[in-house]
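Remember, it's 1-based here, ligands and their atoms both numbered in the order they're listed. A quick note: this is a predicted structure, and the numbers were derived from the prediction, not measured.
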Amino acid sequence: MKIDLSGRVALVTGSTRGIGRAIAERLAGAGARVAITGRDAERARQVAGELSADARGFACDVSDTGSVGALVEAVEQELGAVDILVNNAGLTRDNVLFRIKDDDWDAVLDANLRGAFAAIRAASRGMMKRRWGRIINIASVVGIVGNKGQANYAASKAGLIGLTKSVAKELASRNILANVVAPGFIETDMTAAMTDEAKQTLSAQIPLARLGTPDDIAGLVAFLSSDLSAYITGQVFVVDGGMVM
Ligand code: NAI
């Protein structure tokens with residue numbers, strides 16, 4: 001099964017490191033022209049240069065809807081209309097419920113949920129005109145099962161699932177597919193603070209007995225970005241080594 005994305009333009013938010021970078025690398029490897037985005041323009045351009053001659057770097061803070069709109073316009077001008085949108089940028093501000101400040105709530109919801117909404121709103125116009133599009137939102141198993149100390153993060157990721165299903169229904173007639181990938185625990189900067197002991201305890205609860213890697217996520221995203229997924233929309237795909245069944 002060869003995934004061929006040649007001729008496609010892909011925009012991956014938060015793609016200078018971690019899962020986003022692995023996704024961008026995989027899409028570029030399949031032939032897509034990829035827009036690498038991060039809050040630091042120079043870093044985004046550097047990563048784009050490392051990835052592929054056809055990749056370009058752009059600055060964008062997804063929690064600023066104006067910045068997201070400007071990003072989509074800039075990508076369209078430099079690479080062409082966006083065919084594949086991967087909403088990957090995300091952050092955590094973990095705390096027990098009564099210690100979550102309004103700012104912690106807003107920061108997480110603004111980046112993880114409103115940022116995705118703004119990117120979908122901006123990129124789907126062109127997809128509608130061309131009657132082809134793939135929207136892939138990176139949520140989390142926590143958005144399905146909840147988690148102590150992550151009420152804001154879990155709410156943002158659960159919101160992404162509702163957003164995706166609504167978008168899938170609204171845009172299906174234009175051949176635009178929207179799906180969610182919900183990772184379990186993946187080894188990135190986001191989980192770097194976990195001790196080895198905590199990782200071992202966690203692995204013991206995972207049937208595949210290890211944490212995931214960014215590549216474990218990227219393969220599914222590449223499949224969902226391609227023509228191979230033509231009859232799949234509004235779905236949530238959990239990639240967690242079997243932790244949540
Ligand atoms: P990471 O922290 O390494 O990468 C997150 C990326 O998003 C970074 O490049 C960061 O700069 C960017 N970002 C954060 N806020 C941003 C903003 N306001 N504007 C633009 N970019 C912003 O984390 P990781 O693990 O690669 O996370 C990627 C996605 O996967 C996130 O949405 C995360 O919630 C999700 N996820 C990660 C899991 C894990 O175990 N690592 C598990 C489940 C979901």
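In this structure, CD1 in Ile135 is found 9.5 Å from CG in Asn179, a value given to the nearest 0.5 Å.
In this structure, Arg8 forms a cation-pi arrangement with Trp132, its terminal cationic atom sitting closer than 6.0 Å to the ring centre and no more than 45° off the ring axis.
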### side chain to side chain contact (heavy atoms under 4.5 Å, CB included) between Asp83 and Met127, worked out
CA-CA 6 Å; Asp83 301 300; Met127 293 177 183; over 6 Å; no
N or O contacts of ligand 1 with protein under 3.5 Å, please list pair by pair.
residue: ligand 1; atom: 2 (O); partner: Arg17; partner atom: NH2; Å: 2.8
residue: ligand 1; atom: 3 (O); partner: Arg17; partner atom: NE; Å: 2.9
residue: ligand 1; atom: 7 (O); partner: Gly90; partner atom: N; Å: 3.4
residue: ligand 1; atom: 11 (O); partner: Arg39; partner atom: NH2; Å: 3.1
residue: ligand 1; atom: 18 (N); partner: Asp61; partner atom: OD1; Å: 2.8
residue: ligand 1; atom: 19 (N); partner: Val62; partner atom: N; Å: 2.9
residue: ligand 1; atom: 25 (O); partner: Thr188; partner atom: OG1; Å: 2.5
residue: ligand 1; atom: 26 (O); partner: Ile19; partner atom: N; Å: 2.9
residue: ligand 1; atom: 32 (O); partner: Asn88; partner atom: O; Å: 2.7
residue: ligand 1; atom: 32 (O); partner: Lys157; partner atom: NZ; Å: 2.9
residue: ligand 1; atom: 34 (O); partner: Tyr153; partner atom: OH; Å: 2.5
residue: ligand 1; atom: 34 (O); partner: Lys157; partner atom: NZ; Å: 3.0
residue: ligand 1; atom: 40 (O); partner: Gly184; partner atom: O; Å: 3.4
residue: ligand 1; atom: 40 (O); partner: Ile186; partner atom: N; Å: 2.8
residue: ligand 1; atom: 40 (O); partner: Ile186; partner atom: O; Å: 3.4
residue: ligand 1; atom: 41 (N); partner: Ile186; partner atom: O; Å: 3.2
residue: ligand 1; atom: 41 (N); partner: Thr188; partner atom: OG1; Å: 3.2

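For the salt bridge (charged side-chain N to carboxylate O under 4.0 Å, His left out) condition, no pair includes a residue of residues 230-244, sequence neighbours left out. The salt bridge (charged side-chain N to carboxylate O under 4.0 Å, His left out) contacts involving residues 85-94 comprise Arg93-Asp104, where partners must be two or more places apart or lie in separate chains.
With side-chain heavy atoms closer than 4.5 Å counting as contact, directly or through intermediates, Met245 stands alone and belongs to no larger hydrophobic cluster.
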